[in-house]
Novice: 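What follows is a single structure, and I will ask about it in a moment.
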2 protein chains.
Amino acid sequence: MPSSTVENYVKQMYLLEQELQPDLVPMGRMAASLGITPGTATTMVKALAESGLADYEPRSGVRLTEGGRRLALHVLRRHRLVEAFLVKTLGLDWSEVHEEAEQLEHVISDKVLERIDVYLNRPRRDPHGDPIPDGRGRIDEAREPTLNDCSLSSPWVVVRIHDQEPEFLQFVERIGLTPGGRVEVCSRDRIADAVTFRNHHAKEISVSTAVAAKIAVAAPPNDVDTQGGTK
Amino acid sequence: MPSSTVENYVKQMYLLEQELQPDLVPMGRMAASLGITPGTATTMVKALAESGLADYEPRSGVRLTEGGRRLALHVLRRHRLVEAFLVKTLGLDWSEVHEEAEQLEHVISDKVLERIDVYLNRPRRDPHGDPIPDGRGRIDEAREPTLNDCSLSSPWVVVRIHDQEPEFLQFVERIGLTPGGRVEVCSRDRIADAVTFRNHHAKEISVSTAVAAKIAVAAPPNDVDTQGGTK
DNA sequence: GATGATACTTTGAGGATTCAAAGTGCCGTC
DNA sequence: GACGGCACTTTGAATCCTCAAAGTATCATC
Ligand SMILES: [Mn+2]
Ligand SMILES: [Mn+2]
Ligand SMILES: [Mn+2]
Ligand SMILES: [Mn+2]
């Protein structure tokens with residue numbers, strides 16, 4: 001069985017591949033995002049390549065193999081289902097569950113995982129709006145528009161927050177942008193590096209484009225829509 | 001923070017102290033019950049002594065210090081609350097939760113633990129009837145009588161099973177002796193090494209004294225009793 | 001095309017945990 | 001009181017993961 005360390009490496013590699021969409025994830029990014037020294041990253045990634053989970057190109061970077069991707073998605077599934085469970089069942093705050101899941105993701109058996117999945121009625125997204133891979137390792141990798149890209153003066157719904165920092169998540173909550181919340185972007189000012197929007201209380205708020213990029217949105221659901229009946 | 005390994009050692013040491021009530025737990029028992037070689041046990045126990053969790057007397061055995069006992073009870077609390085939670089909330093079988101809890105006990109934060117405790121309404125016992133230490137490290141260490149000690153021909157209630165093996169627990173269930181079940185011992189035959197009892201279906205069953213020793217019982221509750229009102 | 005900056009790799013080492021195998025102390029038996 | 005047996009300890013080595021520091025490749029710039 002893969003160690004927690006290996007699971008963390010492949011999971012992080014997957015997340016960086018998604019975030020950067022690069023041909024290869026540079027070693028520096030791996031090291032930085034895992035909080036280890038570059039030398040350690042090199043050593044471990046070589047071991048990962050040895051065991052067939054990654055393809056390593058010296059002085060260029062790494063990429064997950066098919067097997068590595070499968071493992072990464074399994075870990076991610078455990079992580080996100082645990083987050084959802086902790087929020088919905090035990091009432092933890094959505095800003096604090098990431099940290100908890102970081103440990104739990106390595107010790108949840110398939111049996112417990114399946115129970116949680118059923119208990120929560122097979123959720124598609126975790127409390128931060130991150131998509132949950134299904135039991136077969138399929139995941140919705142669609143990139144939603146953010147407050148930086150969406151059309152001005154039209155209604156949107158927050159679907160995902162691309163940040164796990166408790167302070168940031170609490171800030172997001174304070175400005176009314178938790179997943180499910182309505183927004184309408186009023187204006188963008190490239191020079192001021194600011195995006196101004198109205199939340200569901202019609203309150204006007206401005207954030208930097210760096211922050212705006214972390215708030216993903218989608219078209220609001222049709223009211224005529226049948227809820228959750230799309231086999 | 002103590003590693004999982006250290007937590008397993010002190011927990012096991014506590015369990016052996018309770019089971020054997022010896023002055024010192026012999027190294028051989030430690031090694032056997034943890035499934036490691038005697039040499040490893042010696043090395044680790046010396047390290048435990050170094051860090052103040054145990055008192056080690058070469059060629060005699062070990063004993064937990066006050067600090068070691070505190071840690072052991074904290075781990076035991078996590079273990080048993082997790083077992084209760086898995087059975088009551090996620091519907092796992094009581095025979096399979098021990099194994100799951102063996103891993104989860106090392107990664108449950110104080111916050112999650114407290115939520116589970118509240119969610120379950122601060123249970124006093126886990127699914128096997130094992131007492132759950134409270135948040136301050138207090139535990140009911142009372143030794144209940146077993147099918148080997150209790151009076152003949154009078155009603156008793158099963159309160160605890162002193163074994164965690166799935167097959168044994170399933171067997172116990174099959175003969176109707178899960179915690180809460182009624183029993184009445186009909187006879188004991190020292191020579192035949194057998195104990196014969198009637199379960200709540202009035203069915204007569206015989207088991208060896210070794211098995212009988214694992215079934216702890218208590219006097220049935222007074223029907224006039226006020227349920228759960230003893231501050 | 002030499003110079004440096006920067007990113008990456010290699011090397012040497014240490015901590016934690018484990019084992020196999022060899023060594024040692026203790027205890028009862030004769 | 002010597003002998004054996006058994007429980008326990010010591011030793012040497014391995015695995016996994018990590019770091020600090022030294023070495024090296026690559027790429028932009030002059
Ligand atoms: Mn993790
Ligand atoms: Mn999440
Ligand atoms: Mn354990
Ligand atoms: Mn138990």
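Remember, predicted model here, so these are calculated numbers, not experimental data. A, B, ... follow the sequence lines: proteins, then strands. Residue 1 opens every chain.
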Novice: Donor-acceptor pairs under 3.5 Å, side chain of residues 40-49 of chain B to any protein atom, not counting sequence neighbours: which ones?
Specialist:
| unit_1 | atom_1 | unit_2 | atom_2 | d |
| --- | --- | --- | --- | --- |
| B:T40 | OG1 | B:T37 | OG1 | 3.0 |
| B:T42 | OG1 | B:P38 | O | 3.2 |
| B:T43 | OG1 | B:G39 | O | 3.0 |

Novice: Taking CE from A:M30 and P from D:dT18, how many angstroms apart are they, rounded to a whole number?
Specialist: 11 Å
Novice: Using a 6.0 Å cut-off, check whether atom CD of A:Q18 has over 12 heavy atoms from anything other than its own residue.
Specialist: yes
Novice: Is the shortest side-chain N/O distance from B:T5 to OP1 or OP2 of C:dT17 below 4.0 Å?
Specialist: yes
Novice: Can a side chain N or O of A:T42 be found less than 4.0 Å away from OP1 or OP2 on C:dC8?
Specialist: no
Novice: May I have the distance from A:M44 (atom CE) to C:dC8 (atom P), rounded to whole angstrom?
Specialist: 18 Å
Novice: In whole Å, I'd like the distance from the NE2 atom of B:H106 to the C1' atom of C:dA16.
Specialist: 15 Å
Novice: Centroid separation under 6.0 Å, is that true for the rings of A:H79 and A:H98?
Specialist: yes
Novice: To the side chain of B:T43, which of D:dT9, D:dC19, C:dT18 is closest?
Specialist: C:dT18
Novice: Using the side-chain heavy atoms of A:I36, tell me which of these nucleotides is nearest: C:dC19, D:dC19, C:dT17.
Specialist: D:dC19
Novice: Within the pair B:T37 and C:dC19, is there a side-chain N or O less than 4.0 Å away from OP1 or OP2?
Specialist: yes
Novice: Looking at B:E100 and A:R115, is any side-chain nitrogen of the basic one under 4.0 Å from a carboxylate oxygen of the acidic one?
Specialist: no
Novice: Can you tell whether the side chains of B:K11 and B:E105 come within less than 4.0 Å, N to carboxylate O?
Specialist: yes
Novice: Tell me whether B:E83 is salt-bridged to B:K88, with the criterion being a basic N under 4.0 Å from an acidic carboxylate O.
Specialist: no
Novice: To the nearest angstrom, how far is B:K46 atom NZ from D:dT10 atom C1'?
Specialist: 7 Å
Novice: For A:G39, which contact category applies under a 4.0 Å heavy-atom criterion: base, sugar-phosphate, or nothing?
Specialist: base
Novice: Listed in order of residue number, which residues of residues 9-27 of chain A have a non-hydrogen atom at under 4.0 Å from DNA chain D?
Specialist: A:Y9
Novice: Does this structure show an ion pair linking A:E19 with A:R29, if we count only N-O contacts that are shorter than 4.0 Å?
Specialist: yes
Novice: Nearest-Å distance, CG (B:L53) to P (C:dA16)?
Specialist: 13 Å
Novice: Calculate the interatomic distance between A:L34 atom CG and D:dC17 atom P; express it in whole Å.
Specialist: 12 Å
Novice: Rounded to whole angstrom units, what separation is found between the CD atom of B:E57 and the P atom of D:dT9?
Specialist: 11 Å
Novice: Closer than 4.0 Å, any side-chain N/O of B:S3 to the OP1 or OP2 of C:dT17?
Specialist: yes
Novice: Would you say the base of D:dT9 and the side-chain of B:R59 have a donor-acceptor pair closer than 3.5 Å?
Specialist: no
